[in-house]
Protein chains: 2
Amino acid sequence: MPRISATKQAILAAALELGALHGISGTTMEEVAERAGVAKGSVYYNFASKDKLFEELLTAGVSSLSATLRTAREQASGFGAIEAMVMQMLTLIAENRALAKLMAAEIFRTDRVWQHTVSGLRREGVSEIGTALAPLVPAETPEATRLLMAGGIFGATLMGGLEWLLFTPETPVEDVAAAILFTYSGRLAQ
Amino acid sequence: MPRISATKQAILAAALELGALHGISGTTMEEVAERAGVAKGSVYYNFASKDKLFEELLTAGVSSLSATLRTAREQASGFGAIEAMVMQMLTLIAENRALAKLMAAEIFRTDRVWQHTVSGLRREGVSEIGTALAPLVPAETPEATRLLMAGGIFGATLMGGLEWLLFTPETPVEDVAAAILFTYSGRLAQ
DNA sequence: GTCTATAAGGTGATAGAC
DNA sequence: GTCTATCACCTTATAGAC
């Protein structure tokens, strides 16, 4: 017995697809209703407001990313943890392409009601990577510096992942991960 | 004698600040006019439409980034070119914080009239970095792989730069560049 | 639970006086 | 060149029938 009705699920799916396409501000509740195959009144029966609707979508995405990164980190050690996190994050992006686009567009917004939610995405993602970096950087490295590095790895994976899906989607995920990880091998700086 | 009137400049400045704060869709022409200290009619006298207004803003930003990266690349060689590009891109982001936020939010949009403009930002940025990478990667590396790496470096710098400005703006730009570049030293993977 | 109809307010854009 | 006034439309949200 699903605790989420078919209608609610259809609305969420419609909102996700449209939001990825036109952004959240660019998506209207009318369009969402039409795409979900229900009337606008039904959308408002299931979600109190447009903000609540998208917040639910984003919250689910944040949880999903956090859990994925944490699991990847715990299943490997040393630099292997970074490798696993990059790989798993790329897989997640590929599986939830629309959600990834939606979140990428919102990630630096500071004026939304769900700001806390999306900000949590970056913070949790970056801090998971930061934790994995701790044993890999010199002992005297300040935490802020480590978080900047983590932000860089997070950003590289996100940008690389979206570029991959937009321009060369036929490339296997392993190759994309390998390309990003190659930059950390030290062979560029030789 | 400026070829751009004071009014036009005030409107562009207002649109930039508001756009960085609320996004482009979230910014109204009424607000832009108010902040610029002119009437809405004057905004429309200077810009044919809201789209044209923001397109002008974004176009200027793209040119600026492209020029900066090209200059940085040409003034150094080998890995030094990557170092210079990261450093100059961070400097540019710091100097044009609002523009950087505006562009970051639009960079993966595919449905806007200025899509071509913003898409050009990423493409030109990534391809400049890709050019600098050519002598640094194994000879048999496909171009697509090299561009994925370049996208990663671009994404790392953008994300690192925005995190820097949002959370630890007192950190000197050199330290931020050093943190990002450290990840390419190979010392993480040892 | 889902629908239709409508309210209430905002938005991009234009006309025409000055 | 800049202003005020206004249009036509769109958007979120709600009321009430079924």
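Sequence lines set the chain letters: A, B, ... in the order given, protein chains first and strands last, and positions in each chain run from 1. Worth saying up front: this structure is predicted, and the values here are computed from it rather than measured.
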Check the distance between [N]'s [atom2] and [X]'s [atom1] and give it to me in whole angstrom.
| X | N | atom1 | atom2 | answer |
| --- | --- | --- | --- | --- |
| A:Glu30 | C:dG10 | CD | P | 20 Å |
| A:Leu53 | D:dT11 | CG | P | 16 Å |
| A:Ile11 | C:dT2 | CD1 | C1' | 10 Å |
| A:Lys50 | D:dA13 | NZ | P | 8 Å |
| B:Ile4 | D:dG1 | CD1 | P | 13 Å |
| A:Met29 | C:dG10 | CE | C1' | 17 Å |
| A:Tyr45 | C:dT2 | OH | P | 7 Å |
| A:Phe47 | C:dG1 | CZ | C1' | 14 Å |

Choose from [options] the nucleotide whose nearest atom is closest to any side-chain atom of [X].
| X | options | value |
| --- | --- | --- |
| B:Asn46 | C:dT11, D:dT2, C:dT4 | D:dT2 |
| A:Lys40 | C:dT6, C:dG12, C:dA13 | C:dT6 |
| A:Val38 | C:dG12, C:dC3, D:dC3 | C:dC3 |

Say whether [X] and [Y], considering side chains only, have a donor N or O and an acceptor N or O under 3.5 Å apart.
| X | Y | answer |
| --- | --- | --- |
| B:Gln88 | B:Thr68 | no |
| B:Arg122 | B:Ser127 | no |
| B:Arg112 | B:Ser25 | yes |
| A:Arg70 | A:Ser66 | no |

Indicate whether OP1 or OP2 belonging to [N] is found under 4.0 Å from a side-chain N or O atom of [X].
| X | N | result |
| --- | --- | --- |
| B:Ser42 | D:dG1 | no |
| B:Tyr44 | C:dT14 | no |
| B:Thr7 | D:dT2 | yes |

Worksheet item: If each of A:Ala48 and A:Gly26 is mapped to the nucleotide of DNA chain D with the nearest heavy atom, which maps nearer the 5' terminus, i.e. the 5' end?
Response: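 Its nearest nucleotide being more 5', the pick is A:Gly26.
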
Discussion item. Using a 6.0 Å distance limit plus a 45 degree cone around the ring axis, check whether A:Lys50 lies over the aromatic ring of A:Tyr44.
Written reply: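 No, A:Lys50 does not sit over the ring of A:Tyr44.
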
Worksheet item: When we call it a touch if two heavy atoms are under 4.0 Å apart, what does B:Thr27 touch: a base, just sugar-phosphate, or nothing?
Response: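 Sugar-phosphate contact only - B:Thr27 comes under 4.0 Å of backbone atoms but never of a base.
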
With the criterion being N/O to N/O and under 3.5 Å, what pairs connect the protein with nucleotides 16-18 of chain C, and how long is each?
none

Name every donor-acceptor pair, under 3.5 Å, that has one atom in a side chain of residues 144-169 of chain B and the other anywhere in the protein, sequence neighbours excluded.
residue: B:Arg146; atom: NE; partner: B:Gly130; partner atom: O; Å: 3.1
residue: B:Thr157; atom: OG1; partner: B:Ile153; partner atom: O; Å: 2.8
residue: B:Trp164; atom: NE1; partner: B:Thr171; partner atom: O; Å: 2.9

Less than 3.5 Å apart, which donor and acceptor atoms pair up between the side chains of residues 172-190 of chain B and the rest of the protein, not counting sequence neighbours?
residue: B:Thr183; atom: OG1; partner: B:Ile180; partner atom: O; Å: 2.6
residue: B:Ser185; atom: OG; partner: B:Phe182; partner atom: O; Å: 2.7
residue: B:Ser185; atom: OG; partner: B:Arg187; partner atom: N; Å: 3.2

